[in-house]
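The structure under discussion is supplied below as structure tokens; questions concerning it will follow.
Side chains included, hydrogens not; waters and symmetry mates left out as well; all remaining heavy atoms used.
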Amino acid sequence: MSNTSFFDEQKEQSLIKARIVEKYFWAWAKVIIPTAKKVDPRIAYIDLFAGPGRYKNGSKSTPIKVLETAISNPDMQNMLVTVFNDADAEHINSLQETINSIPGIENLKYKPQVINHEVGENIVKTFNERKLVPTFFFVDPWGYKGLSLQLINSVVKNWGCDCIFFFNYNRINMGLGNAAVEEHMNALFGKIRADQVREKLKILKPEERELTVVEALCEALKEMGGEYVLPFRFKHENGNRTSHHLIFVSKHVKGYAIMKDIMAKESSEQNQGVPSFEYNPATYRQPLLFEFYRPLDDLEEMLLDTFAGRTITMQDIYNQHHVGRRYISKNYKDALKNLEAKSKIVVDPPANKRRKNKGELTFADSVKVTFPPKQ
């Protein structure tokens, strides 16, 4: 389904989405490039629903920003392979013109590939038959056509390949109860899981429906092999309903941790420093929202319980505990400093022997923490 009005202007939510993708692409490339140089000196960026290159108000879309990033970096100039696809021929013509006008585009070793295909089984088959170079894969369909577990797996199956995709919750929520699009829903969740979700949704309230649908998708991705899955939610402007999610999929915990920090910074709300992993335009008009929920206190209790009787470094605490939770490294350090101040843990070196940074006590990754045994 094409929706040309989507590109009429770059709304605030689109800006946040693009920023998350761009930040991760840059961070991912810096991690991947040193190893890629030793094996096959190429990395790739693939966008299967690339759009026209610019919004009608003139602002640049993600493909253009990715290419500008590549032009500015010598390693990327020589290593980055880009593939931009869109089923809309007008979008492709506009995108090609915009790419051609980018200053320095001729400096890229690999000319951007701009193609015009419907996303479906043929593209999945092509990716499945190839061993891909490290690839960052962005899938942003307007609805759900072409989006499938097989498509995502066809890319993330190889080393260094990560994916982030647009998940239109409202349309998928409606689609799960619509026999006319059953095939698309089965492709997205897997038939058995899709049937299970359909049954569950019959008796659930709206807020429970969303949690059930997103959880089912995350479970399906993990079963497929995308061990690390991280959703980021966007709310409508009134803050009452979900608009869509961005879902990140990786096979490596390092990518997961990097994306977690990026999404944390783009969250519209933090409670006790713990990010919401949500962009909600209404948050700024509702400063007391969720004030009674104190997630850092919960983390302190979890750490005392999980690591009872153990001596362990801050880095190992984070590595062993953060996956599947919305806490970032700073949250763990803050929770441990709080526990230390309450004399609930023993820290080596102790607070009086650790340095301060801008007046704030530091808690290095190498600091050792001894937790009391369970009572």
Donor-acceptor contact present, side-chain Ser267 to main-chain Phe277, <3.5 Å: yes

Main-chain N/O of Asn122 paired to Thr126 side chain as donor or acceptor, under 3.5 Å: yes

Taking every heavy atom of Phe49 against every heavy atom of Asp47, the minimum-distance pair comes out as N-OD1, 3.1 Å

I need the Ile71 CD1 to Leu108 CG distance, nearest 0.5 Å. 5.0 Å

Do the side chain of Ser94 and the main chain of His91 share a donor and acceptor less than 3.5 angstrom apart? no

Mark yes or no for whether Lys260, through its side chain, and His322, through its backbone, hold a donor-acceptor pair below 3.5 Å. yes

Sequence neighbours excluded, the answer for side-chain hydrogen bond (donor to acceptor under 3.5 Å, both in side chains) partners of Lys157 is none

Any side-chain heavy atom of Tyr256 sitting closer than 4.5 Å to one from Lys251? no

Short question: side chain of Asn357, backbone of Glu360 - any donor-acceptor pair under 3.5 Å? no

Excluding sequence neighbours, so at least two apart, what forms side-chain contact (heavy atoms from CB on, under 4.5 Å) with Ile115? Val83, Asn85, His117

With the threshold set at 4.0 Å, does a side-chain nitrogen-carboxylate oxygen contact exist between Lys344 and Glu300? no

Do Leu132 and Val155 have side chains that approach each other closer than 4.5 Å (heavy atoms only, starting at C-beta)? yes

Thinking salt bridges, do Asp140 and Lys17 make one under a 4.0 Å N-O criterion? yes

Going by atom types alone, do Gln96 and Asn100 pair a side-chain donor with an acceptor below 3.5 Å? yes

Are any side-chain N or O atoms of Asn331 and backbone N or O atoms of Gly273, one a donor and one an acceptor, separated by less than 3.5 Å? yes

Hits for salt bridge (Lys or Arg N to Asp or Glu O under 4.0 Å) against Lys125, two or more places apart or cross-chain, chain-then-number order -> Glu129

Could you tell me whether the side chain of Asn93 and the main chain of Glu90 form a donor-acceptor pair under 3.5 Å? no

Less than 4.5 Å apart, any side-chain heavy atom of Ile247 and any of Phe232? no

Shortest non-hydrogen contact between Asn116 and Ala87, atoms and distance: ND2-O, 3.1 Å

Audit row: Asn173, Arg209, side-chain contact (heavy atoms from CB on, under 4.5 Å) steps and yes/no: CA-CA 8 Å; Asn173 180 38; Arg209 290 177 68 93; 2.8 Å; yes

For the residue pair Ser329 and Met314, establish whether any side-chain heavy-atom pair is separated by less than 4.5 Å. yes

Only counting residues at least two apart or in another chain, list the ones meeting side-chain contact (heavy atoms from CB on, under 4.5 Å) with Thr242. Tyr169, Glu210, Arg233, Lys235, His245

Closest non-hydrogen contact found for His244 with Phe166 is CD2-CE1, 3.2 Å

Among Tyr24, Phe167, Phe165, whose ring-ring contact (aromatic ring centres under 6.0 Å, His included) with Phe248 holds? Tyr24

Drop me the distance from Ile46's CD1 to Thr82's OG1, to the nearest 0.5 angstrom. 9.5 Å

Does this structure show an ion pair linking Lys200 with Glu208, if we count only N-O contacts that are shorter than 4.0 Å? no

Between the main-chain N or O of Val274 and the side-chain N or O of Asn271, is there a donor-acceptor pair closer than 3.5 Å? no

Please round to the nearest 0.5 Å and tell me the distance separating atom CD of Glu227 and atom CG of Leu221. 12.5 Å

Drop me the distance from Gln272's CD to Asp334's CG, to the nearest 0.5 angstrom. 9.5 Å

Looking at Glu183, I'd like to know if its CD atom is crowded, meaning that more than 12 non-hydrogen atoms belonging to other residues, nucleotides or ligands lie closer than 6.0 Å. no

Using the side chain to side chain donor-acceptor pair (under 3.5 Å) rule, collect all pairs that involve residues 304-316, keeping only residues at least two apart or in two chains. Asp305-Lys374, Arg310-Gln320, Thr311-Thr370, Thr313-Asp316, Gln315-Asn319

So, taking the atom named CD1 in Ile317 and the one named CG in Leu336, what distance separates them when rounded to the nearest 0.5 Å? 5.0 Å

Validation row: Tyr318, Val323 side chains within 4.5 angstrom (heavy atoms): no

Here's a test for you: under ring-ring contact (aromatic ring centres under 6.0 Å, His included), which of Tyr45, Phe137, Phe138 qualifies with Phe25? Tyr45

Output yes when Glu97 and Arg54 qualify as a salt bridge under the 4.0 Å nitrogen-oxygen rule, no when they do not. no

Side-chain heavy atoms of Val369 within contact of Phe371, under 4.5 Å: yes

Which pairs with one or both residues in residues 345-356 pass side chain to side chain donor-acceptor pair (under 3.5 Å), sequence neighbours excluded? Glu340-Arg354

Check this for me: does any side-chain nitrogen of one of Lys333 and Asp365 sit under 4.0 Å from a carboxylate oxygen of the other? yes

Restricting to pairs with a member in residues 333-354, which pass ring pair (Phe, Tyr, Trp, His ring centres under 6.0 Å), not counting sequence neighbours? none

When rounded to the nearest 0.5 angstrom, what distance separates CG in Leu15 from CD in Glu22? 8.0 Å

Who are the salt bridge (Lys or Arg N to Asp or Glu O under 4.0 Å) partners of Arg193, not counting sequence neighbours? Glu219, Glu223

Criterion side-chain contact (heavy atoms from CB on, under 4.5 Å) on Val139 and Val119, from CA distance to verdict: CA-CA 10 Å; Val139 186; Val119 176; over 6 Å; no

Heavy-atom check, side chain of Ile164 versus side chain of Val249, under 4.5 Å: no

Please enumerate all residues that pass side-chain hydrogen bond (donor to acceptor under 3.5 Å, both in side chains) together with His321, with sequence neighbours excluded. Tyr332

Will you find, in the side chains of Asp162 and Ser250, an N or O donor that is under 3.5 Å from an N or O acceptor? yes

Holding to side-chain hydrogen bond (donor to acceptor under 3.5 Å, both in side chains), I want the full list of residues that pass it with Asp195, two or more places apart in sequence or in another chain. Lys191, Arg198

Could you tell me whether the side chain of Leu95 reaches within less than 4.5 Å of the side chain of Pro63, counting heavy atoms only? yes

With sequence neighbours excluded, tell me which residues meet side-chain hydrogen bond (donor to acceptor under 3.5 Å, both in side chains) with Ser243. none

Transitive ILVMFWY cluster of Tyr110 at side-chain heavy atoms under 4.5 Å: who else is in it? Val81

Run the numbers on Glu68 and Lys60 for salt bridge (charged side-chain N to carboxylate O under 4.0 Å, His left out), then give the verdict. CA-CA 10 Å; Glu68 288 179 341; Lys60 304 167 187 173; 2.9 Å; yes

In a check of side chain to side chain donor-acceptor pair (under 3.5 Å) between Asp40 and each of Arg42, Lys38, Lys37, which one passes? Arg42

Under 3.5 Å: donor-acceptor pair, side chain of Trp28, backbone of Thr135: no

